[in-house]
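Please read all numbers here as calculations on a predicted model, not as lab measurements. Heavy-atom basis, side chains included; hydrogens, waters and symmetry copies ignored.
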Amino acid sequence: MVLLFFLLLLEVFDPSESFPFDLLVVPFSVFVVCGAATIFKWLFEKYSIRFYKSNQNWSDDVAFCRRSGLVKTFRGNFPFYEFDAFIEMAADMKGNQRHTLKVRHRYPQHSPHPNKAVKGPLEFTFPTDTGSIAERYAMWDMLSRFMDVSQPLPDIPRLEPFRQLDPTTRAFDEAGKRGRPATYWRDLYAQVDEDELNRLRDEHHQKVNAAPWGSRPDLMAQSVPGYEDSYTAEPEDVNAYAHAPTRNVRFVERPEAASPESQSDRNNT
């Protein structure tokens, strides 16, 4: 092909004239640009994932580790019991309410962002399928039981293949307390059709919504003395914090919570 190209050039141009190298500038430039782009694309696909994983300032990876009881984040590793759960409500322009489960680190002064310009507490958002508040309670209950090594793993499809790897769960299943086959969820999804799955999902949502979540005891308040009074700071501007909690909000001490008189009043009530 190259030889044919040069033969055509010899036929077109007089051999006594100098070779028109100027005509090769455009195709040579296109070749260089395309070649460089191809090389950069290959390098990006090969090293981009490794780069973002190694650079903690770019990565938002988080892991709730059942075995160690730690929550591993790009800000550091913290015990799970240092996180508090709350339900956040937001409304759109039409007035429709949307509730979200959030888990926030209780001590933001010990979990600052590596980038000093980024303000805000260390928190995680857990989306659920439906809009009911009960679904958010159920999500937190499942996460708490997952991190509690004294209880078996939650009996959900995603965790079924790993039940034998957890000592507490394996002992629970071997004792026959689960009451289900080892491959219950796998067989269920393989045997039933979409209509049956939708019926089972609706039945599950009804059970979750009917559960008495609000009457469950606060185990943290029962086991940690003074837990309810331990956090005495509040935002200086409550309205600004409610609208934009991720911004640089200054926290101030609550005098009524920090004073000995208020502590004795709470204990007497």
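- Taking every heavy atom of both residues into account, Ser111 and Arg75 meet most closely at O-NH1, 2.9 Å.
- Atom CD of Glu196 is separated from atom CD of Gln191 by 11.0 Å, given to the nearest 0.5 angstrom.
- Checked by atom type and distance alone, the side chain of Thr183 never pairs as donor or acceptor with a backbone atom of Arg186 at under 3.5 Å.
- Taken from CD1 in Ile156 to NE2 in His204, the straight-line distance is 9.5 Å, to the nearest 0.5 Å.
- Contact record, Asn209 with Ala134: OD1-CB, 3.5 Å, taken as the closest heavy-atom pair.
- Inter-residue side-chain proximity for Thr100 and Phe126 is flagged as unmet; no heavy-atom pair is nearer than 4.5 Å.
- In this structure, Asp141 pairs ionically with Arg145, as a charged nitrogen and a carboxylate oxygen lie closer than 4.0 Å.
- Salt bridge present: Asp84 and Arg106 bring a charged side-chain N and a carboxylate O closer than 4.0 Å.
- One hydrophobic cluster, built from ILVMFWY side chains closer than 4.5 Å, holds both Val62 and Met147.
- Hydrophobic clustering (ILVMFWY, side-chain heavy atoms < 4.5 Å, transitive): Phe80 and Leu101 are in one cluster.
- Shown here for Arg163 and Pro154, the closest heavy-atom pair between the two residues is NH1-O, 3.8 Å.
- Here Phe78 and Tyr107 keep their ring centres 6.0 angstrom or further from each other.
- Between Ala138 and Val208 the shortest heavy-atom distance is CB-CG1, 3.8 Å.
- Residues Val71 and Thr73 have side chains in contact (heavy-atom distance under 4.5 Å, counting atoms from C-beta outward).
- Considering only heavy atoms from C-beta on, Leu188 comes within 4.5 Å of Leu200 through its side chain.
- Put simply, the side chain of Arg136 gets close to the backbone of His99: a donor and an acceptor are under 3.5 Å apart.
- Taking 4.5 Å as the limit, some side-chain heavy atom of His113 sits within range of a side-chain heavy atom of Phe74.
- Judged by distance alone, the side chains of Glu135 and His205 do bring a donor and an acceptor atom under 3.5 Å apart.
- Contact annotation: the side chain of Phe64 never approaches that of Leu70 to less than 4.5 Å [non-hydrogen atoms, C-beta and beyond].
- To the nearest 0.5 angstrom, Leu153 atom CG is 3.5 Å from Thr169 atom OG1.
- Judged by distance alone, the side chain of Arg66 and the main-chain N or O of Asp148 form a donor-acceptor pair under 3.5 Å.
- In this structure, Phe146 CZ and Leu159 CG are separated by 6.0 Å, a value rounded to the nearest 0.5 Å.
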(Q) Evaluate Glu82 against His105 for side-chain contact (heavy atoms from CB on, under 4.5 Å), listing each step before the verdict. (A) CA-CA 6 Å; Glu82 292 185 356; His105 190 228; 2.8 Å; yes
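- At least one side-chain heavy atom of Ile87 sits less than 4.5 Å from a side-chain heavy atom of Tyr137.
- No option in Asp155, Asp187, Asp173 other than Asp155 meets the salt bridge (charged side-chain N to carboxylate O under 4.0 Å, His left out) test with Arg180.
- Using a cutoff of 4.0 Å between basic side-chain nitrogens and carboxylate oxygens, Arg178 and Glu160 are scored as salt-bridged.
- For the pair Phe86 and Arg104, the minimum side-chain heavy-atom distance is below 4.5 Å.
- Salt-bridge formation is detected for the pair Lys102/Glu88: a Lys NZ or Arg NE/NH1/NH2 atom is positioned less than 4.0 Å from an Asp or Glu carboxylate oxygen.
- With a 4.5 Å cut-off on side-chain heavy atoms, Asp166 and Phe172 do not count as touching.
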